[in-house]
Chemist: 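So that we are looking at the same thing, I have put the structure below in structure tokens.
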Amino acid sequence: MALGNVITGLNASFVEGYLDARGTVDDNPTCRNCWGRYFCGGGCYYEALSRQNDIRQPFPEDCLNSKLMIEMALKAKIEFAEKYKTQNK
């Protein structure tokens, strides 16, 4: 089933069902207790569907990579904020 095509446009019922099935990170049992859920939003729908055959099931390695990138970004933000504070005293 396709989301649609350039000639006929979107298949609205498929798109609606697809998005309703995904829900939010708080609805997703895999994501609901993850500390990074609001940063990544539950991962890529396409990756979950193609690798796990379920849009509500993020690929575990993608979750790990996302958490590592989020952690690095937060550490960088803290370092920059601390550096900025000391430079502007």
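As the structure is a computational prediction, the values presented were derived from the model and not from experiment.
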Chemist: Take a 6.0 Å sphere around CG of Asn53 and say whether it holds more than 12 heavy atoms from other residues, nucleotides or ligands.
Modeler: no
Chemist: So, does Arg51 use its side chain to make a donor-acceptor pair with the main chain of Ala48 at under 3.5 Å?
Modeler: no
Chemist: What heavy-atom pair brings Cys31 and Gly42 nearest, and what distance separates the two atoms?
Modeler: SG-CA, 3.9 Å
Chemist: Run the salt-bridge test on Glu79 and Lys83 with the 4.0 Å N-O cut-off and return the result as yes or no.
Modeler: no
Chemist: Can you name the closest pair of heavy atoms from Gln52 and Pro60 and give their distance?
Modeler: NE2-CD, 4.0 Å
Chemist: For the CD atom of Gln57 and the SG atom of Cys63, what is their distance to the nearest 0.5 Å?
Modeler: 8.0 Å
Chemist: Please give the remaining members of the hydrophobic cluster of Ile70, linking ILVMFWY side chains under 4.5 Å, ordered by chain and number.
Modeler: Trp35, Phe39, Leu74
Chemist: Assess the residue pair Glu71 and Lys75 against the criterion (salt bridge (Lys or Arg N to Asp or Glu O under 4.0 Å)); give the C-alpha distance rounded to whole Å, side-chain angles, the decisive distance to 0.1 Å, and a yes or no.
Modeler: CA-CA 6 Å; Glu71 188 177 338; Lys75 285 180 181 178; 3.3 Å; yes
Chemist: Any side-chain heavy atom of Thr30 sitting closer than 4.5 Å to one from Pro58?
Modeler: yes
Chemist: I'd like to know if Asp27 and Arg56 make a salt bridge, using a cut-off of under 4.0 Å between side-chain N and carboxylate O.
Modeler: no
Chemist: Dump the intermediate steps for side-chain contact (heavy atoms from CB on, under 4.5 Å) on Phe59 and Glu47, then the final yes or no.
Modeler: CA-CA 7 Å; Phe59 194 58; Glu47 289 291 328; 5.5 Å; no
Chemist: So which heavy atom on Asp26 is nearest to which on Arg32, and how close?
Modeler: O-NE, 3.2 Å
Chemist: Would you name the heavy atoms of Ile55 and Tyr45 that are closest together and state the gap between them?
Modeler: CG2-O, 3.9 Å
Chemist: With the side chain counted from C-beta on, respond yes when Cys34 and Lys67 share a heavy-atom pair under 4.5 Å apart, and no when they do not.
Modeler: yes
